[in-house]
Amino acid sequence: AARRALFEPAEWLAAQAGHSGALARLTQVFGELDARLRSAPPGLRLRLALQEAADQSWWAGARFPAERLGLWLAMRVGSLGETEEGLARAGWAVRRLTEGPPPAQDIAAFLDREEEALDLAPLLASLSALHPVTQSAVLFHAWRMIGPERARDLEAAVMAARHGAAMSRFPGQGASFLPLAMAGPLSLQGQGDAVAKLSAWITGAEQSVLAALLQLDRLRDWRARADQATADLSGRVPALLLDVLEGWPLVPAPLAEAQTGASRAAVQRNLDKLAERGLIREATGQGRFRIWRAAL
């Protein structure tokens, strides 16, 4: 019997042509995110990756907020028996979204699945005429079709997000991934033919990039207010603490100590000052083992 490829590049090329306007808008807003992150401190890239990994994990069935993922990733705290596996997968997602070579260089190594991912390399090569965003959509749907394991949903989303950033004008300096889930899982829920799947993919990605830009705006405004409010404080610890609070959604004192290299006393003293000036809030309401967050 005649055999037909699961993904015909010609079908996706036609679908791409029908969505040229939407693809141009997505490229434009991603370019703004790319430029903003090029000059941003590393903490902002981590902040966005934590949110994206948490949102992708929520869609994949492991439901916990970015704040909890951040605590687990930083200090391995906040997990229970039933959530440990999901947090571990989400931690993998954060690392893959922010570190290492993109999947196009070695898809099997990126997924840690040598044999099963071999079919993706020739598929990606056949998509060279397509836009990176369209390629990322094909990779996402292809990897989900290869096996029934739930883990593949998150793997597919992370791989697609990293590959979508191939359109970055500043590789290695700007955006390391294309947000897909920060405004909801529309991109990841596309069904039907190539036209319908690509439409959902582009629309959901554009909304997620805009959500990421909004989060950067809130953090930028907070940091400007914080820098002004702490201008009279001496020493390097206040500024270092602001860096930590900018990058991590929740910051316990041991994390602040590790990130700043300051003593426990210096960290506690300066955290209290930041709280007094309305720049941070304590999240637990407890007298001990307190955790802080930026007052965005």
Side-chain angles (χ1 to χ4, degrees), residues 23 26-60 66 69-70 73 89-107 109-112 120 124 127 130-144 152-188 190 200-216 219 247-249:
L23 190 59
L26 172 57
T27 303
Q28 181 180 5
V29 295
F30 178 82
E32 182 178 350
L33 177 66
D34 192 33
R36 292 270 295 273
L37 289 176
R38 183 192 184 194
S39 58
L44 292 185
R45 297 184 182 88
L46 172 63
R47 186 90 171 218
L48 293 184
L50 285 169
Q51 188 64 58
E52 177 71 12
D55 290 337
Q56 289 186 7
S57 297
W58 187 278
W59 164 76
L69 173 58
L73 195 64
R89 289 175 180 171
W92 172 89
V94 173
R95 291 189 295 273
R96 286 295 188 265
L97 289 172
T98 56
E99 303 171 1
Q105 291 189 18
D106 190 340
I107 290 181
F110 184 89
L111 294 170
D112 294 327
L120 290 179
L124 183 59
L127 305 175
L130 300 175
H131 191 279
V133 170
T134 308
Q135 293 179 19
S136 68
V138 176
L139 286 176
F140 170 78
H141 289 288
W143 187 239
R144 291 190 73 203
R152 294 181 191 248
D153 285 343
L154 184 59
E155 292 171 354
V158 171
M159 174 176 59
R162 274 299 302 271
H163 186 74
M167 60 178 168
S168 170
R169 292 178 297 161
F170 313 107
Q173 302 177 22
S176 62
F177 66 91
L178 170 66
L180 296 173
M182 294 180 68
L186 177 60
S187 290
L188 310 176
W201 190 261
I202 295 173
T203 302
E206 181 183 358
Q207 293 173 355
S208 294
V209 173
L210 291 174
L213 287 170
L214 179 60
Q215 186 167 358
L216 290 181
L219 288 164
W248 295 91

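Checked against ring-ring contact (aromatic ring centres under 6.0 Å, His included), W59 has the following partners two or more places apart in sequence or in another chain: F140. Residues satisfying the side-chain hydrogen bond (donor to acceptor under 3.5 Å, both in side chains) criterion with S187, sequence neighbours excluded, are absent altogether. Residues meeting the side-chain contact (heavy atoms from CB on, under 4.5 Å) test with L219, sequence neighbours left out: L44, R47, Q215, L296. Residues satisfying the side-chain contact (heavy atoms from CB on, under 4.5 Å) test with S57, not counting sequence neighbours, are A62, F64, A90, L154. Every side-chain contact (heavy atoms from CB on, under 4.5 Å) that L186 has, sequence neighbours left out, goes to A200, T203, Q207. Residues satisfying the side-chain hydrogen bond (donor to acceptor under 3.5 Å, both in side chains) test with R36, not counting sequence neighbours, are D217. Evaluation of the side-chain hydrogen bond (donor to acceptor under 3.5 Å, both in side chains) rule for E32 yields no partner, not counting sequence neighbours. Residues satisfying the side-chain hydrogen bond (donor to acceptor under 3.5 Å, both in side chains) criterion with E206, sequence neighbours excluded, are absent altogether. Residues satisfying the ring-ring contact (aromatic ring centres under 6.0 Å, His included) test with F30, not counting sequence neighbours, are none. Listed by chain and number, the residues in a salt bridge (Lys or Arg N to Asp or Glu O under 4.0 Å) with D112 are R96 (sequence neighbours excluded). Residues passing the side-chain contact (heavy atoms from CB on, under 4.5 Å) test with A54 are A66, L69, sequence neighbours excluded.
Annotation: side-chain hydrogen bond (donor to acceptor under 3.5 Å, both in side chains) contacts involving residues 156-175, sequence neighbours excluded, comprise D34-S168, R38-Q173, Q135-H163.
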